[in-house]
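Atoms within each ligand, like the ligands themselves, are counted from 1 in listed order. Positions are given from 1 along the sequence.
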Amino acid sequence: MSTVKGKVLKHAEQTRTMHWVHLICFIILGLTGIGFHWHVSWINNLFGGPANASLVHRWTAVVFTAGPAVYILLNFERFSKFIDTISSFSADDFKWLKTMGGYLPFLKGEVPPQDKYNAGQKLLGWVVIFGCLVFILTGYPMWFWRHDVSPAFLNFCYNVHFWDAIIMILAVAGHFFLAAIHPKSRVEFSSMMLDGYVDAEFTAHHNGRWFAQLSKTE
Ligand code: HEM
Ligand code: HEM
């Protein structure tokens, strides 16, 4: 289960590296994208002017796409397990959603035991996968085929890409709040951002179903 007493290894080194790469790319893409859309000159200047900002956006997008692709190829079994976990919605997950895991003070009730990811994180996992696919499906045509596709299709890609960016920035802001600031969940911060470990006692309580499986395989 773990080589550190009282701790559980939750995220392996390659997962943490991929998450960092994706996070840094996301911030650069979000900033440059906001810079083009609203013609924010200080953002464009930060990246060497509008033409350079556009180049930075496009080549960062390549890393944003290639990073997870390489990770999936090198960690296929781990990625399949992640997909299995976020695809399985048990009665406990629906109960978790009813009480929003106890995060909202006005929603009272028992918080049921969760898998490696709670029901909210499972949903975020799907939002991230779907949102990134939409970035890819709209962003590359805007880059490579802008002179070949009809103006209406190009305009459609711009609109969908823009609204995808707004939804994803809001989703990541919520994810950041829960992972880094909220006192109840920020204890998991180090599991993805630092050494990969999370407190065993906390995990036994917050991810009871996963903890029980780990204890069985120990
Ligand atoms: C596969 C990844 C992506 C690709 C290939 C891509 C590509 C592009 C391209 C070609 C443009 C047109 C502007 C230009 O010519 O430079 C653009 C605009 C934009 N991108 Fe991306 N992008 C990607 C990911 C992202 C992400 C992750 C975000 C936000 C977090 C984002 C936000 C934006 C925004 C807000 C615009 C401006 C749209 C508008 O003017 O309405 N992009 N992107
Ligand atoms: C803004 C700073 C961010 C912080 C502080 C952060 C932190 C974390 C932490 C601590 C976890 C592990 C949670 C757990 O084990 O229970 C995690 C998981 C995850 N992160 Fe992030 N993250 C950030 C940005 C992002 C971005 C930009 C993306 C993708 C666009 C992303 C996608 C994910 C996904 C898919 C997971 C696994 C499923 C989940 O926990 O919902 N994260 N993150």
contact_flag H11 ligand 2 heavy-atom lt 4.0 Å: yes
field: Minimum non-hydrogen distance to atom 12 (C) of ligand 1, winning option of Y158, F26, W59
entry: Y158
task: Report the member of S54, P141, A53 with the shortest heavy-atom distance to atom 16 (O) of ligand 1.
output: S54
field: Any H161 heavy atom less than 4.0 Å to ligand 1
entry: yes
- prompt: Nearest protein heavy-atom contact for atom 11 (C) of ligand 2: which residue, which atom, what distance?
  reply: M192 CB, 3.4 Å
query: Would you say K116 has any N or O atom under 3.5 Å from an N or O of ligand 2, going by distance alone?
result: no
query: Who's the nearest protein heavy-atom neighbour of atom 34 (C) of ligand 1, and how far?
result: G33 CA, 3.4 Å
- line: For atom 4 (C) of ligand 1, the closest protein heavy atom turns out to be A61 CB, 3.4 Å
query: Quick one: does W143 get an N or O within less than 3.5 Å of an N or O on ligand 1?
result: no
query: What is the nearest protein non-hydrogen atom to atom 14 (C) of ligand 2, stated with its residue, atom name and distance?
result: K10 NZ, 3.3 Å
query: Which residue supplies the protein heavy atom nearest to atom 15 (O) of ligand 1, what is that atom called, and how far is it?
result: R58 NH2, 2.4 Å
message: Looking only at N, O or S atoms in H19, which is nearest to atom 21 (Fe) of ligand 2?
response: NE2
- prompt: Which protein heavy atom lies closest to atom 27 (C) of ligand 1, and at what distance to 0.1 Å?
  reply: F135 CE1, 3.4 Å
Heteroatom distance test (Y117, ligand 2): nitrogen or oxygen, under 3.5 angstrom: no
- request: Identify, for atom 26 (C) of ligand 2, the protein heavy atom at the shortest distance, and state residue, atom and that distance.
  value: V172 CG2, 4.1 Å
field: Atom name, H57 (N, O or S, nearest to atom 21 (Fe) of ligand 1)
entry: NE2
- prompt: Do K122 and ligand 2 have an N or O pair less than 3.5 Å apart?
  reply: no
- prompt: Is H22 in polar range of ligand 2, meaning some N or O pair under 3.5 Å apart?
  reply: no
Mode of H175 contact toward ligand 2 - side chain, backbone, both, neither (heavy atoms, under 4.0 Å): side chain
field: Residue and atom name of the nearest protein heavy atom (relative to atom 41 (O) of ligand 1), distance in Å to one decimal
entry: H37 ND1, 2.8 Å
